Structures are given as C-alpha cells and as structure tokens.
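Read through the structure below, which is laid out as structure tokens, and then see the notes.
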Amino acid sequence: MEELDLLKKSWNKDDQKFEQVSESQIYKMIHKISSSNVKWILIISVLEFLAWTSISLCFNTDDYFKKLHAESFIPFFKILNAINYAVIFWFIYKFYKSYIKISTTTSTKQLMKDILSTRKTVQNYVAYNLSMIAISMVLGFVLAYLYNPKFDAIKFQIAHDNYTMLFKMIGIFGGFLFVFVFGFWLFYKLLYGILLRKLRGNYNELKKIE
C-alpha cells in the first residue's frame with residue numbers, strides 16, 4: 001500500500017493537466033493490490049483445507065462410533081462429511097473465480113463489484129466454518145452423552161436430581177462452546193480480516209476515482 005499512498009500524494013500535488021495520468025496509475029496499482037489480496041485469500045483457504053484434512057486423518061471416527069456401539073451413525077457422519085467437503089470446494093472455486101475475474105478486469109465499476117462480491121464470499125465462508133464447528137461440537141457432545149459409559153454416572157444423577165445436573169452440564173458445555181467458537185472467530189478475523197480490510201480500502205479508493 002505504500003506505493004499507492006505515494007501515487008495519491010503525487011496526484012494531489014500535480015497540476016490539473018496531469019490528473020488523468022495519475023488517476024490511471026492509481027487504478028493500476030489498486031488493481032494489482034486487489035488481485036494480490038484475493039490470491040492470498042485463495043492460497044490461505046487451500047492451506048486451511050489441507051490442514052483440516054490432515055487433522056481429520058489422524059482420528060478414525062468409525063472406530064470411535066464402534067467403541068460407543070453407535071455404528072448406525074457412521075453413514076450419517078460420512079454423508080455430512082461429504083457435504084462439508086463439497087461446500088468447502090465450492091468456496092475455494094469461488095475464490096479462484098474471483099481471483100481470475102479481478103486479475104483480468106479492465107473496468108473500474110466491474111473491479112468494484114468483484115471486490116464487494118469477494119468480501120461477501122469470504123464472510124459467508126467464515127460464517128459457514130464457524131457454524132460447522134459449532135454443529136460438530138454439539139453432535140459430538142450429544143453422542144458422547146447418549147453412548148459413552150463415562151456419562152453413566154451423570155445420567156444417573158440427572159434421573160434422581162430433578163434435572164439440576166443436566167442444566168449445569170448444558171451450561172458448562174455452552175460456555176465451552178462459546179469460548180471455542182469465539183476463539184476460532186478471532187482466528188479467522190486475524191487470518192482473513194487483514195485482507196478484507198485491504199479490499200475495503202481498495203474499494204473506497206476506486207469509489208473516489210469513479
């Protein structure tokens with residue numbers, strides 16, 4: 001962004017007869033920076049996908065369900081996992097398409113539209129990931145409660161304590177869920193937030209030119 005700031009200062013100081021040349025230079029710089037930002041969004045999303053895939057390969061969910069004698073849930077989770085992969089692939093494809101469109105566009109208005117579209121896609125991608133993290137944790141908790149023998153003592157207390165223990169357990173899990181999801185929200189805000197702020201800054205500069 002330093003080169004863009006220098007061009008803007010130069011534009012403000014130049015005589016009126018040089019305005020069109022400077023404006024063209026600023027557009028080219030914004031175009032280049034925007035393309036680079038979207039490229040990094042694409043790279044980070046691919047790396048994130050590979051990281052999550054590597055982590056999931058370290059855990060065999062089928063064995064876990066077999067230990068709980070809950071084999072009937074295996075097909076359901078395989079379908080859920082397949083849907084999740086399909087959605088993430090779709091988002092990565094959208095990022096790739098955004099990168100190609102921004103890299104090749106020659107229109108200021110189109111570049112502005114593409115920047116807004118990319119920002120919205122990233123925001124939806126983050127919201128989807130946070131939702132899936134929350135859903136996975138809730139499903140894992142419910143299955144563990146229903147089938148894991150370690151919860152038998154708690155279920156016994158709930159049956160004889162007018163559900164006071166149940167509310168306590170839900171409260172503890174709810175607090176843990178909030179902290180965990182909030183932590184991932186901060187992680188995503190750091191990971192993608194910088195790039196989104198740069199894209200918003202680029203959009204504002206293009207708006208001034210337009």
Side-chain angles (χ1 to χ4, degrees), residues 40-96 98 117-197 199:
W40 275 108
I41 288 174
L42 173 62
I43 292 172
I44 291 173
S45 66
V46 172
L47 292 176
E48 182 191 354
F49 169 76
L50 293 176
W52 281 115
T53 302
S54 299
I55 293 173
S56 65
L57 291 176
C58 297
F59 300 95
N60 193 325
T61 53
D62 290 0
D63 289 344
Y64 177 71
F65 286 129
K66 289 175 181 178
K67 287 180 181 179
L68 296 180
H69 302 289
E71 294 90 342
S72 59
F73 287 96
I74 293 177
F76 168 76
F77 273 88
K78 284 187 176 180
I79 293 173
L80 184 64
N81 198 39
I83 293 173
N84 184 48
Y85 273 106
V87 173
I88 291 177
F89 275 130
W90 180 80
F91 273 114
I92 292 176
Y93 173 74
K94 290 278 288 183
F95 294 148
Y96 172 75
S98 296
S117 176
T118 301
R119 280 175 50 83
K120 185 176 181 180
T121 302
V122 174
Q123 290 166 351
N124 290 338
Y125 172 72
V126 171
Y128 170 77
N129 280 340
L130 292 177
S131 299
M132 285 303 297
I133 289 171
I135 291 172
S136 298
M137 290 184 65
V138 170
L139 288 176
F141 172 77
V142 171
L143 284 174
Y145 175 78
L146 293 176
Y147 294 96
N148 197 323
K150 293 180 180 179
F151 282 83
D152 286 347
I154 296 177
K155 285 188 282 187
F156 178 81
Q157 291 185 47
I158 289 173
H160 295 80
D161 197 27
N162 199 21
Y163 296 99
T164 302
M165 186 65 182
L166 177 63
F167 293 133
K168 289 181 180 179
M169 185 174 62
I170 292 175
I172 292 172
F173 174 74
F176 179 76
L177 177 65
F178 173 80
V179 171
F180 196 79
V181 173
F182 182 73
F184 269 96
W185 177 79
L186 290 177
F187 169 74
Y188 280 119
K189 194 169 183 63
L190 176 63
L191 198 61
Y192 294 101
I194 297 174
L195 294 170
L196 289 182
R197 283 193 295 272
L199 285 176

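Atoms considered below: every heavy atom in the structure, side chains included; atoms not considered: hydrogens, waters and symmetry mates. Quantities reported herein were computed from a predicted structural model and do not represent experimental measurements.
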Is any side-chain heavy atom of [X] closer than 4.5 Å to a side-chain heavy atom of [Y]?
| X | Y | answer |
| --- | --- | --- |
| Leu199 | Val122 | no |
| Arg197 | Tyr192 | no |
| Tyr85 | Ser56 | yes |
| Leu196 | Thr118 | no |
| Lys94 | Tyr125 | no |
| Ile88 | Glu48 | no |
| Phe95 | Ile44 | no |

**Message:** Surrounding OH of Tyr96 (heavy atoms of other residues, nucleotides or ligands, distance under 6.0 Å), is the total greater than 12?
**Reply:** no
**Asked** Around atom OH of Tyr93, are there more than 12 heavy atoms of other residues, nucleotides or ligands at under 6.0 Å?
**Response** no
Pairwise distance [atom1]([X]) to [atom2]([Y]) - rounded to 0.5 angstrom:
| X | Y | atom1 | atom2 | result |
| --- | --- | --- | --- | --- |
| Met132 | Ile135 | CE | CD1 | 5.5 Å |
| Ile133 | Leu177 | CD1 | CG | 10.0 Å |
| Trp185 | Asn129 | CH2 | CG | 15.0 Å |
| Ser98 | Phe91 | OG | CZ | 11.5 Å |
| Ile194 | Trp40 | CD1 | CH2 | 12.0 Å |

**Message:** Under the criterion side-chain contact (heavy atoms from CB on, under 4.5 Å), I'd like the reasoning laid out for Val126 against Leu191: C-alpha separation, chi angles, the key distance, then a yes or no.
**Reply:** CA-CA 10 Å; Val126 171; Leu191 198 61; over 6 Å; no
**Test item: side-chain donor near acceptor, Tyr188 and Gln123, under 3.5 Å** =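 Short answer, no.
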**Item:** Shortest non-hydrogen separation from Phe173 to Met137 and the atoms involved
**Value:**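 Result for this residue pair: CZ-O, 3.5 Å.
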**Message:** The test is side-chain contact (heavy atoms from CB on, under 4.5 Å); show your working for Phe76 and Asn81 and say whether it passes.
**Reply:** CA-CA 9 Å; Phe76 168 76; Asn81 198 39; over 6 Å; no
**Prompt:** What about the rings of Trp52 and Phe184, do their centers lie closer together than 6.0 Å?
**Reply:** yes
**Prompt:** Sequence neighbours excluded, which residues qualify as side-chain contact (heavy atoms from CB on, under 4.5 Å) partners of Leu143?
**Reply:** Phe65, Phe73, Phe77, Tyr147
